[in-house]
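Below, chains carry the letters A, B, ... as their sequence lines are ordered, and counting in each starts from 1.
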Amino acid sequence: MQNIEVAWIFVELADLLELKGEDFFKIRAYRRAARAIANLDTPLEELKQRGLVGKIPGIGKAIEAKIKEIIETGKLSKHQELLREIPPGVLEIKKLPGIGPNRARILHRELGVTGLDELAQAAKERRVRVLKGFSAKMEWEILNGIGMMRNRHDRVLLSVARELAEELTEFIKILPGVRQVAVAGSTRRWKETVGDLDLVIAAEEAEALLNALATHPRVKEIIDRQEKRLRVYTWWGLAVDFQVVPPGEFLYCLHRSTGSKGHYQRLQEIAEEQGLQLNHHGMGKQGEAPILLNTEEEIYSSLGMNYVAPELRENQREVEAALKGDLPQLIQVGDIRGDLHIHTTWSDSAMDLQEVVKRCREKGYSYAAITDHSQSLKIANGLDCHRLEQQHRMIEEMNREFDDFTLLTGVEMDILPNGDLDYPDEILEPMDVVIASVHTGFKQNRRDMTRRICRAMENEHVDMIAHMTGRLLGRRGPYELDVEALLEMAAKTATVLEINASPDRLDLSDRHAKAAKEAGAKLCINTDAHDLRRLDEMVYGVAQARRAWLTPEDVINTLEIEKLREVLR
DNA sequence: GCCGTTTTCGGCCCGACTGTTTTCAGTCG
């Protein structure tokens with residue numbers, strides 16, 4: 001059992017207890033423990049053997065015992081008990097916008113609804129509006145919310161798909177008869193959310209292989225089974241498609257399954273124009289033996305074009321660019337020299353300054369910026385001017401110890417609802433990196449919100465706007481914004497725009513990041529990490545940048561420190 | 001349920017917004 005799955009049990013336990021109206025602090029303790037577990041570098045099982053589980057901050061005797069139970073039996077009796085008492089559908093109801101634990105409880109108790117379908121039915125019959133604490137408007141919002149949930153229900157975050165893909169490919173590799181295995185589809189193209197996971201396996205024999213996969217512990221149910229294909233639904237909420245292909249056709253099958261459909265069809269057209277045929281069996285002249293190829297690069301070069309990286313295969317004129325030799329030299333993870341948006345224990349993060357420095361140096365960075373929250377964000381323990389100056393003095397002192405690494409001073413400053421900034425200019429002036437971002441008043445109208453961010457860009461000390469549209473994938477849409485106007489303003493004021501690498505944000509989107517470059521703005525890829533593990537999410541931001549056709553020159557945190565300082569100045 | 005260089009008990013991040021139960025409970029970040 002993976003740590004993340006243990007963490008999920010505690011998250012769900014907390015949700016269930018919340019629905020029962022349990023003590024707030026107990027619930028928070030479970031959530032904290034879940035977060036701590038999810039962020040561990042070492043498997044819990046190993047920690048348990050070494051007797052270290054109780055040493056994890058946030059985990060005491062009671063939760064330690066529960067972790068032991070989970071590792072030994074695969075489940076938690078208290079959790080199972082609550083699941084018998086509260087239908088899992090009620091947890092779904094609690095996820096609706098505007099519905100918290102209390103309203104979900106009322107809906108369950110008063111109307112007897114056990115899930116979204118029954119709730120939708122009740123709302124249509126106008127049985128919700130008459131309940132205490134509800135109204136006609138809320139009834140309408142509930143129906144809206146259910147519609148939204150259904151639309152996204154079958155997609156998961158890219159990071160979930162990639163983690164599952166890694167685990168499954170490791171498992172498949174050691175099965176007898178397997179020559180090669182690779183992830184295809186939108187997961188390979190690093191699309192921000194994934195509908196189903198495609199795995200292509202090269203092997204002569206399929207039956208025993210698919211049997212083994214059908215009984216894998218991640219599999220919840222089998223959706224479809226054919227001779228060479230297996231489609232399953234996993235406990236992670238993601239469907240997986242296993243495809244067994246002859247070793248000689250692996251390359252072509254992987255290429256086709258990677259897609260996108262539009263991109264592949266475009267390639268088939270190009271092939272046809274050249275008298276060739278391209279399909280999952282191979283490529284060659286009609287009626288003749290296929291051309292022998294070993295790599296995807298060779299498929300593209302045989303068609304007389306540059307290699308198109310999976311991230312670009314979206315039928316957005318990449319084929320035309322490749323034919324002309326006009327594709328950009330895409331940015332790579334190794335080009336990144338530092339992370340410019342990191343939180344510490346000074347505000348709401350789990351890592352202290354020393355830990356950040358250690359991990360960033362291990363990652364080979366030559367700089368990092370500490371950008372904690374600003375004073376008005378009380379819930380995140382935002383820094384007032386005094387604490388901010390204290391922190392910056394400490395950073396300056398730390399910097400004396402390094403000759404090959406620079407810790408930059410900075411802040412992630414709130415743009416207040418009226419457009420004012422959270423610190424006066426004289427506080428911002430000496431800082432290395434001033435990030436401005438929105439954390440409150442999300443429901444402003446398009447004109448006000450656009451003007452609000454524009455004003456921040458106009459301040460000469462603001463270097464960067466973080467997670468500009470505010471979206472949380474699968475949970476919250478972007479705020480109302482005139483993105484085009486903002487991209488232009490960013491270019492005009494030389495304000496850098498962040499690509500937030502966190503898999504639940506990826507904000508700017510690929511489309512917006514591409515438009516930002518075209519508008520003449522510079523970008524920066526940051527993790528916005530609040531704990532050590534999430535410093536590793538840079539790879540998602542870089543993939544997003546690649547999907548936006550960005551080169552190292554478009555991204556400021558590829559620069560050497562001296563050049564970077566010039567840009568920030 | 002966790003935690004302790006004041007405390008082994010009694011604390012445990014705060015404040016804005018919303019709808020309408022016109023005085024606050026519920027939700028959210």
Base, sugar-phosphate, or nothing: which does [X] touch, judged by heavy atoms less than 4.0 Å apart?
| X | answer |
| --- | --- |
| A/Leu377 | nothing |
| A/Gly133 | base |
| A/Pro417 | nothing |
| A/Phe24 | nothing |
| A/Lys66 | sugar-phosphate |
| A/Asp348 | nothing |
| A/Ile379 | base |

Donor-acceptor contact below 3.5 Å, side chain A/Asp432 vs main chain A/Thr409:
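Yes; judged by distance alone, with no hydrogens or angles, the pair exists.
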
Could you tell me whether a side-chain N or O of A/Ser349 sits under 3.5 Å from a main-chain N or O of A/His530, the two making a donor and an acceptor?
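The answer is yes, because a donor-acceptor pair under 3.5 Å joins these two groups.
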
What nucleotide, of B/dG19, B/dG1, B/dT27, holds the atom closest to the side chain of A/Pro101?
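Of B/dG19, B/dG1, B/dT27, B/dT27 is nearest to the side chain of A/Pro101.
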
Nearest-nucleotide pick for A/Ala29, side chain only, options being B/dG1, B/dG19, B/dC14
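Given the options B/dG1, B/dG19, B/dC14, the side chain of A/Ala29 is closest to B/dG1.
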
Can you tell me how far [atom1] in [N] sits from the matching atom in [M], rounded to whole Å?
| N | M | atom1 | answer |
| --- | --- | --- | --- |
| B/dG26 | B/dT22 | P | 14 Å |
| B/dC13 | B/dG4 | P | 13 Å |
| B/dC17 | B/dC12 | C1' | 25 Å |
| B/dT7 | B/dG11 | P | 15 Å |
| B/dC3 | B/dT8 | C1' | 9 Å |
| B/dA25 | B/dT20 | C1' | 11 Å |

Between [atom2] of [N] and [atom1] of [X], the distance in whole Å:
| X | N | atom1 | atom2 | answer |
| --- | --- | --- | --- | --- |
| A/Asp414 | B/dA16 | CG | C1' | 13 Å |
| A/Met138 | B/dG19 | CE | C1' | 8 Å |
| A/Lys20 | B/dG1 | NZ | C1' | 16 Å |
| A/Glu139 | B/dG19 | CD | P | 15 Å |
| A/Ile106 | B/dT21 | CD1 | P | 13 Å |
| A/Ile99 | B/dG26 | CD1 | C1' | 10 Å |
| A/Lys26 | B/dC3 | NZ | P | 16 Å |
| A/Ile59 | B/dG1 | CD1 | C1' | 11 Å |

Where do A/Arg455 and A/Asp420 land on the salt bridge (charged side-chain N to carboxylate O under 4.0 Å, His left out) test, with the steps shown first?
CA-CA 8 Å; A/Arg455 267 191 65 196; A/Asp420 286 349; 2.8 Å; yes

Over 60° means perpendicular and under 30° means parallel, so tell me whether A/Tyr540 and A/Trp190 are parallel, tilted or perpendicular.
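Ring orientation of A/Tyr540 relative to A/Trp190: perpendicular.
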
Please walk me through it: do A/Lys517 and A/His512 pass side chain to side chain contact (heavy atoms under 4.5 Å, CB included)?
CA-CA 9 Å; A/Lys517 172 183 178 168; A/His512 285 153; over 6 Å; no

Could you check A/Glu362 against A/Arg359 for salt bridge (charged side-chain N to carboxylate O under 4.0 Å, His left out), going step by step and ending with a plain yes or no?
CA-CA 5 Å; A/Glu362 283 166 5; A/Arg359 183 61 73 99; 3.6 Å; yes

Tell me whether the side-chain N/O atoms of A/Arg32 come closer than 4.0 Å to OP1 or OP2 in B/dC13.
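Yes, A/Arg32 has a side-chain N/O under 4.0 Å of OP1/OP2 on B/dC13.
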
Are A/Ser135 and B/dT20 close enough that a side-chain N or O sits under 4.0 Å from OP1 or OP2?
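It does, given that an N or O in the side chain of A/Ser135 lies less than 4.0 Å from OP1 or OP2 of B/dT20.
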
Upstream residue (5' side of DNA chain B) when A/Asn381 and A/Lys61 are each assigned their closest nucleotide:
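Nearer the 5' end of the strand: A/Lys61.
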
When the nearest nucleotide of DNA chain B is assigned to A/Gly100 and to A/Ala62 on a heavy-atom basis, which residue is associated with the more 5' position?
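First, find each residue's nearest nucleotide; the 5'-ward one identifies A/Ala62.
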
Across all strands, who's sitting opposite B/dT27 as a Watson-Crick or G-U wobble pair, both distances under 3.5 Å?
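B/dA16 - that is the nucleotide pairing with B/dT27, both distances being under 3.5 Å.
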
Looking only at the aromatic ring of each residue, does the gap between the centers of A/Trp235 and A/Trp8 stay below 6.0 angstrom?
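Ring-ring flag for A/Trp8/A/Trp235: false, centres at least 6.0 Å apart.
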
